[in-house]
Number of protein chains: 2
Amino acid sequence: MFIFNFKEFECPFNCFTEIIKGKWRTGIILSLSQNPKRFSELKKELDGVSSKVLTDNLKVFEQSGIINRTVFPTVPPSVEYSLTEQGFELAKIMDSINSWAGIFLNQKETVN
Amino acid sequence: MFIFNFKEFECPFNCFTEIIKGKWRTGIILSLSQNPKRFSELKKELDGVSSKVLTDNLKVFEQSGIINRTVFPTVPPSVEYSLTEQGFELAKIMDSINSWAGIFLNQKETVN
DNA sequence: TGTAAAAGTTACTTTTATGTAACCAGATAA
DNA sequence: TTATCTGGTTACATAAAAGTAACTTTTACA
């Protein structure tokens, strides 16, 4: 399995791209920035993601300190995923990106 | 060849990830945010990129309005790549990401 | 007895991204 | 006239990411 090694980044920016790369990563963070969610809720919300890929991505996030994984001893046990402090900071950055992209797309529309 | 279709993004954020995805894209933008560069200069600076991939990426950026491509009628003709207004805005966003990632990595170091 | 539910795992296949190496055009300088 | 330069293109090979389908575990409820 992929292990996120913080030492390997000469450039901080590469750390960011490593974190958000992949088809589902940003969706996961955006979704968890609303409120914590369980595995099955995330899976439903990220329409089309497979268990395998969702699991892989959540592991990377957990290992890198972007999300918390909490197991509740219900029957069957349920698992809740939530953003850490640093995860919320990341979500804020993503919001500002979102604003830029909104303006960018808007200009495309009005110009063309 | 890949054509960047702005209409296809339900969510602006996807537009951003589409723009910066790939191994070399962010490097290209970061490099051009310093100063305009020619094809061969970029190729040298982005150590290891192939002509094919660099060409592909530059085309996507040009078509999406992130960079300008200017041909100078020298012999042999030289081609200069520079950021557009919107490209510079994107580079600013990337700077703020860089700051976040710097802090993030720093916390990792001091905690572990 | 056996079925269901949550949260995965496993082996395998398909898709997408990236890399490699050879090639091309126009113009010039040797 | 032949090699050289820039800025590529093309066909093909390989690597990385994502998808598929079947399976697993524990406990409870019918």
Check whether any side-chain N or O of [X] sits under 4.0 Å from OP1 or OP2 of [N], and answer yes or no.
X: A/Thr74; N: C/dA6; result: no
X: A/Tyr81; N: C/dA6; result: no
X: B/Arg38; N: D/dG7; result: yes
X: B/Lys23; N: C/dG19; result: yes
X: A/Ser40; N: C/dA7; result: yes
X: A/Lys59; N: C/dT9; result: yes
X: A/Lys52; N: C/dT10; result: no

Discussion item. Can you tell me which nucleotide in D/dT20, D/dG8, C/dG8 comes closest to the side chain of A/Ser50?
Written reply: D/dT20
In whole angstroms, how far is the [atom2] atom of [N] from the [atom1] atom of [X]?
X: B/Phe72; N: D/dC5; atom1: CZ; atom2: C1'; result: 18 Å
X: A/Glu80; N: C/dA6; atom1: CD; atom2: C1'; result: 14 Å
X: A/Leu54; N: D/dT20; atom1: CG; atom2: P; result: 14 Å
X: B/Glu41; N: D/dT6; atom1: CD; atom2: C1'; result: 12 Å
X: B/Trp24; N: D/dA15; atom1: CH2; atom2: C1'; result: 14 Å
X: B/Leu46; N: C/dT18; atom1: CG; atom2: P; result: 13 Å
X: B/Lys37; N: D/dG7; atom1: NZ; atom2: P; result: 14 Å
X: A/Lys43; N: C/dG8; atom1: NZ; atom2: C1'; result: 11 Å

Worksheet item: Looking across every strand, which nucleic acid part, if any, lies under 4.0 Å from B/Ser78 by heavy atom: base, sugar-phosphate, or nothing?
Response: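 Sugar-phosphate, backbone atoms only, no base.
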Discussion item. What contact category does B/Gly22 fall into here, base, sugar-phosphate, or nothing, at under 4.0 angstrom with non-hydrogen atoms?
Written reply: sugar-phosphate
Response to the item:
Per nearest nucleotide of DNA chain D, the residue lying toward the 5' end, B/Ser51 or A/Val53, is B/Ser51
Worksheet item: A/Thr55 or A/Pro76: which one's nearest nucleotide on DNA chain C is closer to the 5' end?
Response: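 The answer here is A/Pro76.
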Worksheet item: Do the rings of B/Phe16 and A/Trp100 sit parallel, tilted or perpendicular, given the 30° and 60° boundaries?
Response: perpendicular
Fill in: Main-chain N/O of B/Ile66 paired to B/Thr84 side chain as donor or acceptor, under 3.5 Å
yes
Discussion item. Between A/Arg25 and A/Val60, is the side-chain contact (heavy atoms from CB on, under 4.5 Å) condition met? List the steps.
Written reply: CA-CA 10 Å; A/Arg25 297 260 179 98; A/Val60 171; 4.0 Å; yes
Worksheet item: Is it true that A/Lys92 and A/Glu89 make a salt bridge, defined as a side-chain N closer than 4.0 Å to a carboxylate O?
Response: yes
Discussion item. Any salt bridge linking B/Lys37 with B/Glu80? Criterion: basic side-chain nitrogen under 4.0 Å from a carboxylate oxygen.
Written reply: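 Salt bridge between B/Lys37 and B/Glu80, a charged N being under 4.0 Å from a carboxylate O: no.
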